[in-house]
Amino acid sequence: MSTLAAAAAATNVAAAGAARTRGWRRYRARTFYLFASPWIAGFVLLTLTPVVYALIVSFTNYDGASAKWRFIGIRNYVELFTASPAVWESMMRTVAYTAVVVPLSVAGGLFLALLVNERIRARGVVRAIFFVPSVVPIVATAIMWRLIFSKDAGLLNGIVQVFGGQKVTWLADPYVIYALIVMSLWGLGGGMIISLAALQDVPQELTEAARLDGAGRLRVLRSVVVPLISPVLYFQVITGIIATLQMLVQPMLLAESSGKLSSAMVPESTTLFMVHVYNEFFYNNRFGYGSAMLWVFFVVILLFTVIMQRVSRRVVFYQNDVEDREDEK
Amino acid sequence: MTHLAESPMGTATTPPTTTLALRAPAPKARRRTSSSPGDRPSVGIYIMIVIAIAIFGIPFIWIVLTALATPQQLNDGVSGLLDLSSPVWSNFIDAVTKVDYLSYGANSLFLSIMTAVLTTFSSATVGFAFARLRAPGKNALFLLVVSTMMIPAMATLIPTYVLFARLGLVGTYWPWVLWGLAGAPFFIFLFRQFFSAVPRELEDAAIMDGAGWIRSYFLVFLPLARPALLTVFLLSFTGAWGDYLAPALLLNMDNTTLAVATTSMYADPRGNPLVPLQSAGAIIYMLPVIIVFLFGQRYFMSSAMGSSVKG
């Protein structure tokens with residue numbers, strides 16, 4: 001039935017007059033905007049407006065509550081760039097943390113993917129064990145790792161004591177940053193799944209040919225497999241960097257406290273940039289200053305994204321190519 | 001120098017690969033996923049897998065031990081927790097009765113289902129438009145969709161909170177309604193790919209049978225998209241279920257979700273945390289998500305995670 005109708009469609013379209021085609025096009029365009037309107041409205045109201053609002057607030061001394069606020073020009077930005085080493089410390093801390101966590105989690109995810117791509121027993125179960133931590137809600141993840149790192153009842157200190165060491169207060173400076181890194185890496189199963197999907201698309205002929213030529217496993221991995229799956233690894237690096245730069249909840253939940261959202265109790269070594277922003281907003285009630293910090297952050301992310309897009313154009317394949325081909329029909 | 005020493009797994013038990021590769025290819029047409037058809041994984045690989053399983057599994061074991069402990073066992077530290085002689089199963093009952101767990105659970109459930117339904121339907125509709133319709137400005141808009149995937153969501157949440165506070169929306173579920181209605185860029189992207197793959201003949205047939213775009217969307221495309229719809233529904237459901245920051249910022253203590261309640265409600269009148277009860281509560285809280293992903297693992301892997309990045 002569909003072939004018949006398609007044939008009829010082809011004839012009809014060919015026979016249709018120019019005026020009708022124009023009307024058809026207009027109808028189609030109207031439908032497009034009707035269908036896309038939820039997202040367009042959402043973008044304007046829920047993304048653009050808050051961001052622009054933050055820009056306006058960043059030039060004021062608004063404290064979030066009082067009606068008496070006034071424009072203070074660029075004073076927030078001046079303070080941020082010149083008078084506040086804490087801003088740069090938290091920024092650098094975030095960059096360093098990202099530089100450690102993202103490569104480790106992408107490489108670790110690839111390593112696990114290679115392991116579970118082998119024809120091992122109970123492969124499905126093993127994959128699930130590696131994958132599940134990445135979907136556990138962050139609240140439960142933080143509770144679990146606080147139990148592991150807890151000073152008195154924690155597993156880690158239990159092990160330390162078995163080897164004759166003293167109990168360590170893991171969830172305070174300077175060790176808490178390691179706890180945060182471990183907790184983040186625990187979720188690398190998400191990357192594993194993505195890498196695994198890519199690995200399964202690597203043509204076996206290629207790896208076999210390389211092996212015939214005498215390449216060892218490591219060599220096949222380095223020279224054949226990794227280049228072939230590089231777009232997927234690259235994707236993970238980009239999304240990983242963006243996610244890690246804006247990390248906020250994890251340090252707050254890992255800090256030992258049971259109250260509601262007490263970012264002020266986050267130890268210094270895990271006060272990442274967004275935690276600092278959060279402090280300025282909700283602890284110091286400096287909405288103007290916090291907004292200025294957010295805007296600097298937006299610009300940094302934007303610059304980063306633009307640079308990465310430039311770099312990635314050769315590596316990453318977006319669907320646009322397919323669409324262009326389709327449009328030519 | 002042999003390939004044995006170069007094995008990434010660092011073991012010397014792999015058989016010589018050349019002979020294996022020279023062996024006739026496997027008779028099965030199905031493509032194997034292993035690196036080499038005849039290779040059996042070596043002992044070294046199993047050792048590494050066991051170590052990794054231990055690392056990834058220990059937090060789960062530890063939280064279960066804690067959830068079954070008495071306060072005394074918790075005070076005794078590791079030796080107390082490893083003493084399995086008297087597991088306190090009633091901790092799980094206390095965890096749901098000592099705090100208003102069911103009511104928070106109902107809040108979580110309502111909020112997650114509502115968000116997921118709205119997000120799924122809205123993202124599908126927008127994704128369909130980008131996949132199947134043409135209009136001036138469409139490519140620019142799609143670039144915007146892709147770019148918003150890069151915008152730090154966490155960072156926009158704080159100004160959104162400030163704005164919603166001024167609009168009087170804090171303490172209500174309206175923000176979730178709005179977020180749901182707007183759809184999510186990543187899901188729009190997924191649906192766009194899904195709908196792009198539908199053969200053009202089907203669309204032409206529907207149109208020529210007299211259906212407009214709207215009818216062919218509802219009667220032809222949407223029913224076809226059932227697997228994608230289910231995937232996105234479950235992903236956005238678990239996303240909303242696990243979200244902590246938005247409910248913490250935007251809701252009050254009486255209408256907040258399990259995520260916030262589990263973090264902050266388990267304390268005795270003097271404010272000391274009730275760790276075993278909190279652990280039990282956290283286990284119950286995370287179980288739905290784990291179950292969903294365990295049953296859908298293969299499915300998610302092929303339909304969502306894989307296709308979204310492989311392009």
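Proteins get letters first, then strands, A, B, ... in listed order; numbering begins at 1 in each. Computed from a prediction, not measured in an experiment: that's the story for all the values here.
- Closest heavy-atom contact between A/Leu294 and B/Pro159: CD1-CD, 3.4 Å.
- In this structure a side-chain-to-backbone donor-acceptor pair under 3.5 Å is missing from B/Tyr46 to A/Ile120.
- For the pair A/Pro50 and B/Leu163, the minimum side-chain heavy-atom distance is below 4.5 Å.
- Atom OG1 in B/Thr148 sits 11.5 Å away from atom CG in A/Leu46 (nearest 0.5 Å).
- Counting heavy atoms from C-beta on, the side chains of A/Thr31 and B/Tyr217 never come closer than 4.5 Å.
- A donor-acceptor pair under 3.5 Å is absent between the side-chain atoms of A/Glu118 and the main chain of B/Ile45, judged by distance alone.
- Under the 30°/60° scheme for interplanar angles, the aromatic rings of A/Trp186 and B/Phe60 are found to be tilted.
- In this structure, A/Phe282 and B/Tyr161 have perpendicular ring planes: the angle between them is above 60°, well past the 30° mark.
- Using a 4.5 Å cut-off between heavy atoms, A/Ile238 touches chain B through its side chain atoms alone.
- The residue among A/Val116, A/Val182, A/Val51, A/Ile301 with the most heavy atom pairs within less than 4.5 Å of chain B is A/Ile301.
- In terms of heavy atoms, A/Ile138 sits closest to B/Gly242 at CG2-O, 3.9 Å.
- Of the listed residues A/Val220, A/Leu185, A/Leu147, the one with more heavy-atom pairs under 4.5 angstrom with chain B than any other is A/Leu147.
- Across A/Asp152, A/Val132, A/Val57, the residue that shares the most heavy-atom pairs under 4.5 angstrom with chain B is A/Val132.
- Of all the listed residues (A/Phe287, A/Tyr27, A/Phe281), the one sharing the greatest number of non-hydrogen pairs under 4.5 Å with chain B is A/Tyr27.
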